[in-house]
Amino acid sequence: MNGPMNGQANGPANGSMNGRASVPPVAVVGGGLAGITAALALAEAGWPVTLYEARPRLGGATHSFARGGLTADNGQHVFLRCCTAYRGLLDRLGGAGRVRLQERFDVRVLTPHGGSGS
């Protein structure tokens with residue numbers, strides 16, 4: 001199967017732009033995981049890409065936030081050991097060294113008052 005995801009795209013990287021001197025830019029709307037992946041694949045295939053995101057951060061539903069002195073992760077299910085595509089995306093973006101994968105899934109349960117649950 002040929003396409004941008006496996007490096008065999010019909011784009012400027014392999015000269016199939018019908019001899020046109022300029023390459024048209026591509027707009028990707030949405031900076032969630034799908035938008036980031038699409039923009040990266042297009043860029044790797046040689047297309048000029050602009051990624052548009054309305055929020056001040058990328059990642060869509062997958063992000064971390066601080067609240068009450070704690071950092072919470074939303075979308076952590078894509079980072080489980082069984083989800084290798086997300087870790088592959090982090091590798092392609094050069095960010096794999098900035099995250100830590102737990103050896104064992106360990107969740108600390110807190111009471112409404114911040115103490116440890118029993």
Side-chain angles (χ1 to χ4, degrees):
M1 179 172 153
N2 290 335
M5 295 307 290
N6 63 15
Q8 300 297 316
N10 289 326
N14 65 5
S16 63
M17 287 302 296
N18 299 323
R20 288 186 274 166
S22 65
V23 176
V26 177
V28 175
V29 179
L33 295 181
I36 293 168
T37 303
L40 182 60
L42 287 162
E44 288 172 343
W47 292 90
V49 179
T50 301
L51 176 61
Y52 293 94
E53 171 56 53
R55 294 179 177 146
R57 59 167 174 74
L58 296 177
T62 305
H63 66 282
S64 298
F65 61 93
R67 187 170 293 156
L70 295 173
T71 300
D73 288 322
N74 188 42
Q76 68 276 11
H77 61 283
V78 299
F79 201 44
L80 297 174
R81 288 192 183 275
C82 61
C83 300
T84 57
Y86 181 65
R87 293 195 322 242
L89 177 61
L90 289 176
D91 284 336
R92 290 169 66 197
L93 293 170
R98 299 183 67 194
V99 297
R100 183 178 61 88
L101 185 63
Q102 290 177 287
E103 287 298 317
R104 182 177 163 274
F105 187 60
D106 187 19
V107 177
R108 193 172 115 192
V109 177
L110 300 177
T111 68
H113 304 291
S116 294
S118 326

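The model shown is predicted, which means the values in this text are computed figures rather than measured ones.
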Notebook entry, point to check: Minimum heavy-atom separation for V49 to A43, with atom names?
Noted result: CG2-N, 3.8 Å
Margin query: If you compare all heavy atoms of A61 against all heavy atoms of N74, which two are closest, and at what distance to 0.1 Å?
Written below: O-ND2, 2.8 Å
Notebook entry, point to check: Does R55 have any side-chain contact (heavy atoms from CB on, under 4.5 Å) partners at least two apart in sequence or in another chain, and if so, which?
Noted result: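 Partners of R55 by the side-chain contact (heavy atoms from CB on, under 4.5 Å) criterion, ordered by chain and then number, come out as E53, R57.
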Checklist line | Those residues that, when tested against A96, pass side-chain contact (heavy atoms from CB on, under 4.5 Å) (two or more places apart) | finding: L90, D91
Next item on the list: Look up atom CG in L89 and atom OG1 in T84, then write down how far apart they are to the nearest 0.5 Å.
Entry: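 The distance works out to 11.5 Å.
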Next item on the list: Consider only side-chain heavy atoms of I, L, V, M, F, W and Y, link residues closer than 4.5 Å, and tell whether Y52 and I36 are in one cluster.
Entry: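 Different clusters: Y52 never reaches I36 through Ile, Leu, Val, Met, Phe, Trp or Tyr contacts under 4.5 Å.
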Checklist line | Within one Ile-Leu-Val-Met-Phe-Trp-Tyr cluster: L70 and F65, side-chain cutoff 4.5 Å | finding: no
Expected list for residues 25-34: side-chain donor-acceptor pairs under 3.5 angstrom, two or more places apart:
none

